[in-house]
Amino acid sequence: MTSIALKNVSKRYGAHEVIPGLDLEIEAGELVVFVGPSGCGKSTLLRLIAGLEDVSSGQLLIDGRDATRLPPAQRGLSMVFQSYALYPHMSVRDNIAFPLKMARRSKSVIERKVNDAARVLNLQEYLDRKPRELSGGQRQRVAIGRAIVREPVAFLFDEPLSNLDAALRVNMRMEIAGLHQQLGATMIYVTHDQVEAMTLADRIVVLNAGRVEQVGTPLELYRSPATLFVAGFIGSPRMNLLGGFEARQYGAATIGIRPEHVALSSSEGRWRGKVSLAEHLGSDTFVYVDVDGLGTITVRTTGDVDVRPGDSLWVTPEETCLHRFDEHGRAIRQGPPQRH
Amino acid sequence: MASIHSRATARLMLSPAVILLLVWMAAPLVMTLWYSLHDYQLLMPRGNPFLGLENYAYFLSDPGFLQSIGNTFMLVMGVLLITVVCGVGLALLLDQPMYGRGVVRVLVVAPFFVMPTVSALVWKNMFMNPVNGLFAWMAQMFGADAIDWLAQVPLLSLTLIVAWGWLPFATLILLTALQSLDTEQKEAAEMDGANAWARFLHITLPHLSRAITVVILIQTIFLLSLFAEIFVTTNGGPGTQSSNLAYLVYSHALLRFDVGSASAGGVIAVVAANILALLLMRLVGKSLEV
Ligand SMILES: Nc1ncnc2c1ncn2[C@@H]1O[C@H](COP(=O)(O)OP(=O)(O)OP(=O)(O)O)[C@@H](O)[C@H]1O
Ligand SMILES: [Mg+2]
C-alpha cells in the first residue's frame, strides 16, 4: 500500500513543454485512471512516475519519500506496457521469473512465486511456451504476471488492453479489477477507453495538453464536470453543448445537457427539429435531431420508440440537469440553472 | 507461394538463374575432378595418364598439409572471434546518441571498401614492418625490441589484418539488428531491476543471436578461401607457417606446376569446407529458425 504524489512536476523535450507543471496525489490502494486525448501526455506522465524519463523540474514522492532521482528499479514499481514488451526468446516461465532472478532470489522462491502467479492468471498450461506462441490475451496475462511477482508497491499500466478485441477487453478488464481487489495495491492505469475508465477507476484524472483538468470519482466527473473539456470528453454519446443566445439566457457562455436529459415529443417542446439519424441499440435509441440555429442535438431515449430520419420532433432539455460554463470554459456552480 | 500454380510459375522464373549457376559451377567442378584423377604436370608434357587416387595420396602426404588445415581453422576462428566480439562492442557504441554519429558510422564502414591486397600491403609495410612500421616505432618509444610481426607471429598478424577488413561488415549487420530491438523491452528489463550488464546479457545478446549467426556463416564462407592477404604478405611462410588450404593448392598449381595434385587439393578443400559448413549449421543454425 503506497501513496504517490507529484509536486509541480514538469517535463520538457528541448523547447517543447509536454507537461507544464502538475500536482497530483494518489492515495494508497487506489486505482487511478488517466484519460485524455491522444498526445496529451498520459504516457509521458506514467513514464515520469516509473523513472523511465527524468523530470525537468518538480518532485515525485513515493510513500512520502523523495524518489525524483531514484533509478526505475529502486522505485519498486511495476509497469505493463502497451506492447507487453515480453522477452521473445524466453519461455513464459522465464519471463515471469526474470524480475526475481534479477533480484537474486533463491531457486525455490522463484519456482513458488512463478507458480503462484501462473495460477492466479490461469497460465499454468502455457509456462513452457514462448510469447509468440500465445494469443494477445495470454500475452497480456504474462505481462501482468511479470509485474506481480516482484510484489511492487504500485502498478503502472499503459493502455494494456488496447491491442485486444472487444470481448477479450471486457474479460481482461474484470480480471484487472479482480486483481486490484485481491492485491489491494495502488494502480495507475492509462487508457483511451471511456468505459474502461468509468468501470475500473476509483478516481479518474482527466488530462488535457499536460494539465490536469479535473480529478474525481467517475460519477463526480459525469455529474458535475468542472470544465467544458471534461464535459465534452466524459460520456458517450457526447454531451450537447450550446453557445450563443440559448446560453446567454442562462447567464453562461456555453450550456451543456446530456443526451439522456433531453425529452422527445411529437407535439410540443422547446425546440423543433428534424431527425437526421436514429441509432437503435436495442436497450437505448440515440436520436440525432437537427434544430435550426442550434445544430444537432443528441437525445437518448428508450429502445422502443419509433422514430425515423426525416421525422419532425420537439426536443426539451431538463432544466435542472443543465451544465453552465463561463467564457473560460469553467463550470458555473452558484445558483440553479434558471432562464432569465 | 500460396498455390501449386504459383509455385510452378516461380520455378519457371527461377530456372534460368539456376541453370546458369549449375553450368557455371558444374563445369569447373567436373574438370577439377577429372584433373585430380590424372597425371597433369605443366612442366612435363607427357600426356595425361590416369592415376587413380595417387594425386590425393600425394596431396595428403604433403608435409604442409596438416598444418594448412590447422592454419585454415585458426584463421577462420580467430577472425570470427575478433569480428564478432569487437563488432558487438562497436555496434553498441555506434548505437548511442552522440555528436557526429553519421560521420563516425561512415568512417567505421570505410575499411570494407579497401581492397584486401591494398589493406594487407598497408599493414605489412606501414604498421608491421620491423624497421619502418608504426608498431616498431611504438615499441621503441617504450624501449622494447621491435617485433617482426610477419616473421615471428605470421598467423596472428594475418588474423589481425583480415579481421580489420571484416570488422565493418560485422559491425554494420549487428548495428542494424541492434536498432530493431524494441526499446520497451529494454525499459521493461530496466524496471525489472536488470542493470546494464544484465540487460546486455539477457535482452540484447539474445536479440543479436540471429545477426551473429548470419555474420558467422557469411564470413566463414569467405574466410575459408582466404588467399590475397597471405599472398601479398607472408607468401604462406615462413616455411608453411601461414599457409592455409587455399594457399597450399595455389602452391601445388602455380609454384610446382602440378595441376593434378592441386586439383586433388581443391576437391579436398571443397569436402572439408562442406564438413565445416555442416558443423556450423548444426552449431549455430538453430538460432536462424527463431
Ligand atoms: N521523446 C520525445 N521527444 C519529443 N517529444 C515527445 C517525446 N515523447 C513524447 N513527446 C511528445 O509529448 C506529447 C505527449 O506524448 P505522450 O506519449 O505522453 O501522449 P499520450 O497522452 O500517451 O498519447 P496516446 O494516447 O496517443 O498514447 C506528444 O505531443 C508527443 O509528441
Ligand atoms: Mg500513450
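Each chain gets a letter, A, B and so on, in the order the sequences are listed, and its residues count up from 1.
- Interatomic distance, OH of A:Y84 versus CD of B:Q185, reported as 14.5 Å (0.5 Å rounding).
- With a 6.0 Å radius and a threshold of 12 heavy atoms from other residues, nucleotides or ligands, A:R105 has its CZ atom at or below the threshold.
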Side-chain atoms of residues 48-55 of chain A: list all donor-acceptor pairs with protein atoms under 3.5 Å, sequence neighbours left out, distances to 0.1 Å.
residue : atom : partner : partner atom : Å
A:E53   : OE2  : A:Y13   : OH           : 3.4
A:E53   : OE2  : A:R47   : NE           : 3.3
A:E53   : OE2  : A:R47   : NH2          : 3.0

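- Most heavy-atom pairs under 4.5 Å with chain B: of the set A:M90, A:M102, A:M79, A:R150, this distinction falls to A:M102.
- Of all heavy-atom pairs spanning B:A188 and A:Y87, the tightest one is C-OH, 3.4 Å.
- Annotation for B:F73: atom CZ does not count as buried by contact number, only 12 or fewer foreign heavy atoms lying within 6.0 Å.
- Looking only at heavy-atom pairs under 4.5 Å with chain A, the residue among B:E190, B:K186, B:H207 that has the most is B:E190.
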Evaluation steps, side chain to side chain contact (heavy atoms under 4.5 Å, CB included), between A:F81 and B:D182
CA-CA 12 Å; A:F81 293 83; B:D182 180 19; over 6 Å; no
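- Remark: side-chain polar atoms of A:H89 are paired, donor with acceptor, to backbone N or O of B:H202 under 3.5 angstrom.
- Using a 4.5 Å cut-off between heavy atoms, A:L77 contacts chain B through both its backbone and its side chain.
- For B:M98, the CE atom counts as densely surrounded, since its 6.0 Å shell holds more than 12 non-hydrogen atoms of other residues, nucleotides or ligands.
- Rounding to the nearest 0.5 angstrom, the gap separating the CG atom in A:N95 from the CG atom in B:D192 is 9.0 Å.
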